[in-house]
Amino acid sequence: MSSLNSPAALSIVESSIPETPQRKRNRTTRIKGQRAGVWVYAGLGVVLIASLFPFYWSFLIGSGDSSTINDPDFSWWPGGNFLANAQTVVSDPAVNFWPALWNSIYSSALIAAAVVLTSTLAGWAFAKLRFPGSKALLVFVVATMAVPMQLGVVPLYILFADLGWTGQIGAIIIPAVTSAFGVFWMTQYLRQAVPDELIEAARVDGASMIRTFWTIGVVAARPAAAMLGLFTFVTAWNNFFWPFIVLDRSDPTLPVALSLLQSNHFVDYSIVLAGVLLSTIPLLVLFVVAGKQLVSGIMQGAVKG
């Protein structure tokens, strides 16, 4: 009798019942009830337009000339000077575009990888290991998120000056290898994604804690780790304050290098915004390549939450 009540048996029985007009209407009603309405698509369209408008505005100004932004007869159609303005940004010796681009890619990738590694290790420890003071330590880690970075700039700069690291790319990588938000994010995710019974089964089979972490924790944490890595990369890429202080103008990151376009008495915003758009291209490529993992991380976090 228990086999007759199984989901497979019930589905077979239900499929064998002839389709009546009433059943067809009920099934159609259920399907329609799951579809998004017109207002949902309208709201998403408004959000999409609002998100794309800054890019289009930047492209409009970046494809014009120095008088475009103050032109009373401003046209909403792009001009034909974007490639020329982009070439001006790339060839400007004060900007030093290609070394700055490499510095941003190199430092952002290392920071993202380090944050994912340290956050996953710490998240696994807080979520699945039992040790004295774990809850208090996690609260302390989360509480550090309330401390602004600006408060630690002066002592941090003095420390790196004593070490002789000012002007080097390592000065912006080392302070960012850990993230309180990353630790909290991975702790919450691993706490819900990995059942304790699975860890106990691995221990019964003789697996060490390191092997259990590598074969179970790392696999389960991939969607959340991908999402954390993406957001960490974007944050490190857009970071301006600390690199502006600790790096030399001859070897900056890309945001600092682009700020040099505004150091003259006259600012040509067509060239500035062309440079801004150039700096966003690597981020757009990254989101296109890693978009599947990003959506997977968001959806799994929503279901498990």
Side-chain angles (χ1 to χ4, degrees), residues 41-112 169 172 229-245 247-295:
Y41 286 107
L44 291 175
V46 171
V47 173
L48 178 62
I49 293 174
S51 301
L52 294 179
F53 180 76
F55 293 96
Y56 185 68
W57 172 263
S58 300
F59 183 70
L60 284 178
I61 304 301
S63 61
D65 52 29
S66 58
S67 63
T68 301
I69 195 170
N70 297 319
D71 189 356
D73 299 325
F74 180 78
S75 175
W76 289 95
W77 291 101
N81 297 330
F82 180 79
L83 294 179
N85 293 335
Q87 180 62 32
T88 300
V89 174
V90 172
S91 60
D92 192 337
V95 175
N96 209 8
F97 182 83
W98 295 114
L101 177 63
W102 167 247
N103 286 339
S104 289
I105 295 175
Y106 174 72
S107 60
S108 300
L110 282 183
I111 290 172
I169 200 68
I172 65 174
L230 281 172
F231 283 115
T232 303
F233 186 94
V234 172
T235 301
W237 182 276
N238 294 327
N239 189 17
F240 173 81
F241 183 67
W242 176 241
F244 180 79
I245 293 175
L247 294 181
D248 295 334
R249 298 298 175 267
S250 60
D251 193 28
T253 56
L254 195 55
V256 177
L258 293 179
S259 68
L260 299 177
L261 294 172
Q262 305 182 61
S263 60
N264 299 323
H265 294 289
F266 172 73
V267 179
D268 189 346
Y269 286 100
S270 63
I271 295 178
V272 171
L273 290 178
V276 170
L277 285 177
L278 288 178
S279 68
T280 61
I281 292 176
L283 297 182
L284 294 177
V285 172
L286 177 64
F287 271 93
V288 169
V289 172
K292 184 178 180 180
Q293 285 291 335
L294 176 62
V295 174

Donor-acceptor list for residues 267-284 side chains, cut-off 3.5 Å, not counting sequence neighbours:
from   : atom 1 : to     : atom 2 : distance (Å)
Asp268 : OD1    : Ser270 : N      : 3.2
Asp268 : OD1    : Ser270 : OG     : 2.5
Ser279 : OG     : Val276 : O      : 2.6
Thr280 : OG1    : Leu277 : O      : 2.7

Rounded to the nearest 0.5 Å, how far apart are CG of Asn96 and CG of Leu260?
9.5 Å
Closest heavy-atom contact between Phe244 and Val256?
N-CG2, 3.7 Å
Show, in sequence, the C-alpha distance, side-chain angles and deciding distance for Leu261 and Asp92, and conclude whether the side-chain contact (heavy atoms from CB on, under 4.5 Å) test is met.
CA-CA 9 Å; Leu261 294 172; Asp92 192 337; 3.8 Å; yes
Are any side-chain N or O atoms of Asp248 and backbone N or O atoms of Ser250, one a donor and one an acceptor, separated by less than 3.5 Å?
no
Point-to-point distance, once rounded to the nearest 0.5 Å, from CG of Leu254 to CG of Asn239
12.5 Å
Separation between CG (Asn238) and OG (Ser104), nearest 0.5 Å, reads 9.0 Å
Which atom pairs, one a donor and one an acceptor, fall under 3.5 Å between side chains of residues 55-65 and the rest of the protein, sequence neighbours left out?
from  : atom 1 : to    : atom 2 : distance (Å)
Tyr56 : OH     : Trp76 : O      : 2.5
Ser58 : OG     : Pro54 : O      : 2.9
Ser63 : OG     : Phe59 : O      : 2.8
Ser63 : OG     : Leu60 : O      : 3.0
Ser63 : OG     : Gly79 : N      : 2.9
Asp65 : OD1    : Ser67 : N      : 3.1
Asp65 : OD1    : Ser67 : OG     : 2.9
Asp65 : OD1    : Thr68 : N      : 3.3
Asp65 : OD1    : Thr68 : OG1    : 3.0

What is the distance from atom CZ of Phe241 to atom CD1 of Ile245, rounded to the nearest 0.5 Å?
3.5 Å
Interatomic distance, Ile111 atom CD1 to Tyr106 atom OH [nearest 0.5 angstrom]:
10.5 Å
Locate the shortest heavy-atom distance separating Ala112 from Gly229; write the atom from each residue and the value.
CB-O, 3.6 Å
Distance, nearest 0.5 Å, that separates OG1 of Thr253 from CH2 of Trp242
12.5 Å
Check whether Arg249 reaches the backbone of Ala257 with its side chain - one donor and one acceptor, N or O, closer than 3.5 Å.
no
